[in-house]
Number of protein chains: 2
Amino acid sequence: MVKKRAAVPRAGAGTLLTLIRTGRASTRADLVRLSGFARSTVAQRLDALLEAGLIVPAGDAGSTGGRPPETFAFNRHAGVLLGADIGGSHTRVAVTDLAADVLAETEADLDVADGPDAVLSWVTEAFARLLARVGREISDVRGVGVGVPGPVDGTGRLVSPPIMPDWDGVSVPERVSRALFKGAEEMGEDVPVVVDRDVNIMALGEQKAGGHDHADMVVVKIGIGIGAGLIVGGEIYRGAQGAAGDLGHLRRGTDEPCRCDNRGCLEATAGGWAIRRRLVELGYDVRTSQDIARLARRGDHETVRLVRQAGRLIGEALADVVGLFNPSHIIVGGNLAEAREPLLAGIREVVYERAQVLASRDLQIVPTTLGHRAGTIGAALLVHERLYDADRISAALG
Amino acid sequence: MVKKRAAVPRAGAGTLLTLIRTGRASTRADLVRLSGFARSTVAQRLDALLEAGLIVPAGDAGSTGGRPPETFAFNRHAGVLLGADIGGSHTRVAVTDLAADVLAETEADLDVADGPDAVLSWVTEAFARLLARVGREISDVRGVGVGVPGPVDGTGRLVSPPIMPDWDGVSVPERVSRALFKGAEEMGEDVPVVVDRDVNIMALGEQKAGGHDHADMVVVKIGIGIGAGLIVGGEIYRGAQGAAGDLGHLRRGTDEPCRCDNRGCLEATAGGWAIRRRLVELGYDVRTSQDIARLARRGDHETVRLVRQAGRLIGEALADVVGLFNPSHIIVGGNLAEAREPLLAGIREVVYERAQVLASRDLQIVPTTLGHRAGTIGAALLVHERLYDADRISAALG
DNA sequence: AAACTTATGGTGATTGACAAACAAAAGTAA
DNA sequence: TTACTTTTGTTTGTCAATCACCATAAGTTT
């Protein structure tokens with residue numbers, strides 16, 4: 001009779017790699033302490049990781065009175081990752097090293113409503129240009145991460161996205177994979193293309209690369225639309241159908257028609273979308289949320305007033321979020337958040353006034369640290385985490 | 001130098017116990033399949049669990065063509081658990097077996113505003129009466145679970161509870177432990193007293209004992225006040241300060257003063273609290289939320305109207321919750337939920353109208369299955385899970 | 001009753017992780 | 001230079017878990 005294989009020999013290699021690539025450990029002593037494995041086991045697993053090229057020696061650390069410990073680092077140069085942050089009206093792409101540090105990037109004003117063909121072909125062409133710029137081949141790509149402004153299922157297929165109906169049912173990994181690795185089918189076989197909501201990759205970027213590694217936090221993205229990525233217990237929370245964090249379409253009592261075909265959504269009165277409409281009515285020449293943010297930074301009176309008012313409305317919704325989630329941090333990002341002061345001030349004003357004392361006592365409301373790069377870095381991190389998942393690495397070295 | 005002890009011999013016993021006590025496995029074959037351990041290891045661990053009296057043989061199961069497998073069951077009769085569900089205006093207590101099945105229960109209209117002394121002394125006296133009724137001693141008690149209508153920290157101490165200011169800083173485990181095991185200090189040493197929010201124990205009860213074992217769900221408690229327990233990824237979610245799920249004090253646009261000293265809270269217009277005030281103004285004689293539910297069940301026109309209206313208002317708040325959390329199920333409980341139809345109809349009406357299509361497509365809004373027992377059963381389950389935690393059991397048998 | 005199926009108990013060999021000990025390496029402090 | 005500290009490499013015996021058998025138990029099917 002066929003017997004089950006023994007339970008993963010070499011288990012633990014993945015655990016060590018995770019400790020190293022997340023920067024929690026760099027020496028053998030660190031690894032022994034944090035992993036709980038025996039020193040001999042750690043040494044053996046380190047050899048396997050070195051041999052597989054997943055880590056590299058990184059010189060000696062300073063002595064603490066005796067022989068200085070040898071340090072190890074994640075081998076971030078053994079290939080590249082591609083990250084795309086497809087927003088509702090603006091798209092950014094980047095080539096990063098394997099640790100999701102940006103090597104080259106570019107961006108464009110693209111409307112997702114133009115459909116998957118237009119947007120995804122720009123994205124794949126931009127990937128190719130960036131690869132050439134950093135002197136890498138398509139064969140150096142180890143993974144691709146993509147963020148889209150709508151809900152996706154487990155396989156990366158869009159499901160009933162409200163603002164991009166043309167994309168319904170589109171499998172982004174399939175399309176991207178085919179476009180990138182065309183004519184070299186066997187090449188794309190092992191290169192994962194991972195897709196998630198734009199707000200989720202932004203949250204992931206801020207969490208892992210932006211220094212906001214808090215267990216319970218909300219990352220708000222304010223641009224033409226409004227959305228939120230939720231980090232719950234240290235993990236991205238997606239909800240039962242991947243639709244969680246839909247801040248922009250909470251009903252806020254007004255009756256403005258929204259682009260989602262409903263009425264009274266937060267976006268319809270506080271999104272960049274609504275501000276742009278008001279400014280155009282007043283004779284301004286604005287097209288993107290970046291235009292609005294620029295006007296606000298220059299101190300344009302009317303824009304500052306509108307942005308601050310939008311901040312207050314968003315703050316009302318966030319006060320509810322604070323009551324329900326009780327996060328320790330709210331990170332405010334998105335193109336409109338580049339307006340900084342007026343928006344943050346409006347949000348803070350209302351949240352601290354409205355939220356219950358306990359939930360808001362230690363609450364911090366801060367801007368993103370990665371700024372407009374949060375999305376692309378997060379997208380790269382998404383596939384990075386898939387590639388270097390502890391169990392996957394342990395199994396591969398077993 | 002002192003060396004670390006070897007990493008938990010006999011590991012895995014706790015895993016097997018968990019599989020057995022949660023009903024996922026009852027035969028050796030099940031255990032081997034679900035745990036991944038070798039058959040010999042499972043046999044050895046089972047012996048240890050049997051010897052420790054944690055499980056008992058439960059006869060043979062039906063044959064499937066050969067020798068019938070021997071089954072094992074959690075030894076639920078080796079002691080008792082105590083569960084208390086302290087609500088804002090009503091308190092229930094129960095003695096349960098070790099699997100949190102109720103053996104005896106009682107209840108009383110108690111106002112938490114009367115202070116911790118009054119409430120907790122009634123609770124401990126009720127525990128003593130119930131123990132006598134089922135013929136058990138205080139020494140048979142293996143653990144105590146308590147739910148309170150306010151936020152608690154990790155040690156079971158109340159922190160800034162809005163509706164019970166007298167309880168601020170009170171350590172419930174300390175008080176209960178002292179009152180229950182007075183004069184027998186050594187006895188209470190190993191008997192854990194675990195405390196959580198009332199909505200959280202209710203959610204736990206519905207999840208583990210009510211057949212609602214869904215990964216992402218919201219359990220709403222509607223009584224004199226309104227609150228929600230959140231199950232996120234299969235676990236109770238408490239937030240950064242334990243204040244998550246504060247549905248009752250979301251601001252809903254009105255300007256009614258609330259008992260929490262703010263204005264415009266959901267509770268102030270939709271809580272049993274607000275309905276009672278309206279009914280009293282109309283000349284009704286109502287005191288508790290059970291009175292209101294009774295009137296509604298009898299079909300009293302005015303009460304049904306008010307309850308349905310409250311349901312709509314709660315539905316508005318829940319529509320926001322659905323957008324943010326995207327749960328698969330909303331469980332509606334609490335004393336006022338005993339009014340059933342009018343309340344549920346009001347909630348459903350608004351949630352399905354307002355929530356985004358995707359998030360509400362497969363959403364189910366259903367009443368509790370445990371009814372008024374959800375809290376006490378959940379409280380017992382809370383300490384049950386602490387007592388029979390896999391790691392704790394593995395360590396104890398190692 | 002005989003053949004078959006499934007479950008259980010026990011044994012021995014193998015394997016992998018661990019603790020402990022020792023030696024060597026590479027720094028600092030006196 | 002010498003003594004000391006810390007890190008690293010290597011080895012050895014111990015222990016626990018697993019696998020692979022074999023024997024037995026207790027049903028069902030023929």
Side-chain angles (χ1 to χ4, degrees), chain A residues 1-16 19-20 25-51 55-73 390 394-395 397-398, chain B residues 1-16 19-20 25-51 55-73 390-391 394-398:
Chain A
M1 195 214 287
V2 179
K3 283 282 169 177
K4 207 169 38 181
R5 273 272 355 100
V8 194
R10 297 260 169 97
T15 309
L16 296 189
L19 288 171
I20 293 171
S26 63
T27 69
R28 286 180 166 86
D30 291 343
L31 290 166
V32 168
R33 189 166 36 82
L34 293 172
S35 71
F37 299 144
R39 203 161 61 87
S40 46
T41 311
V42 167
Q44 191 183 321
R45 297 296 182 282
L46 274 182
D47 286 345
L49 289 170
L50 283 165
E51 198 182 352
I55 61 173
V56 288
D60 289 356
S63 164
T64 59
R67 172 174 174 169
E70 195 180 359
T71 65
F72 299 91
S394 294
L397 296 186
Chain B
M1 196 213 288
V2 180
K3 283 281 171 179
K4 206 170 37 181
R5 271 273 356 99
V8 195
R10 296 261 167 93
T15 309
L16 298 189
L19 289 171
I20 293 172
S26 63
T27 69
R28 284 182 167 83
D30 291 343
L31 290 167
V32 168
R33 187 166 36 81
L34 293 172
S35 71
F37 297 144
R39 204 160 59 85
S40 47
T41 311
V42 168
Q44 192 184 322
R45 297 295 183 282
L46 274 182
D47 286 345
L49 289 170
L50 284 164
E51 198 183 351
I55 60 173
V56 288
D60 289 357
S63 164
T64 58
R67 172 174 174 170
E70 194 180 359
T71 66
F72 300 91
D391 290 339
S394 294
L397 296 186

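Every chain is numbered from 1, with letters handed out A, B, ... down the list of sequences.
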Mind calculating the distance between [atom1] ([X]) and [atom2] ([N]) to the nearest angstrom?
X	N	atom1	atom2	result
A:Asp47	D:dT10	CG	P	8 Å
A:Leu31	D:dT7	CG	P	13 Å
A:Glu70	D:dT7	CD	P	13 Å
A:Gln44	D:dT10	CD	P	12 Å
B:Arg33	C:dA7	CZ	P	10 Å
A:Asp60	D:dT5	CG	P	21 Å
A:Leu46	D:dG9	CG	C1'	13 Å

| side chain to side chain contact (heavy atoms under 4.5 Å, CB included) partners for A:Ala390, two or more places apart | A:Thr18
| message | On the nucleotide C:dA17, are OP1 or OP2 found under 4.0 Å from the side-chain N or O atoms that A:Thr41 carries? | response | no
| So does A:Arg28 get a side-chain nitrogen or oxygen closer than 4.0 Å to the phosphate oxygens (OP1/OP2) of D:dG9? | yes
| note | For B:Ser26, the side-chain hydrogen bond (donor to acceptor under 3.5 Å, both in side chains) test, sequence neighbours excluded, returns none
| request: Select base, sugar-phosphate, or nothing to describe what B:Arg39 touches, counting heavy atoms under 4.0 Å on all strands. | output: base
| query | Looking at OG1 of B:Thr15 and CG of B:Asp391, how far apart are the two atoms once the value is rounded to the nearest 0.5 Å? | reply | 7.5 Å
| note | Of B:Ser40 and B:Phe72, the one whose closest nucleotide on DNA chain C sits nearer the 5' end is B:Phe72
| query | Which nucleotide in the set D:dT18, C:dA7, C:dG27 lies at the smallest distance from any side-chain heavy atom of B:Arg67? | reply | C:dA7
| Which pair of non-hydrogen atoms, one from B:Ser394 and one from B:Gly14, has the smallest distance, and what is that distance? | OG-N, 3.0 Å
| query | Nearest nucleotide by nearest heavy atom, which residue falls closer to the 5' end of DNA chain D, A:Thr27 or B:Val42? | reply | A:Thr27
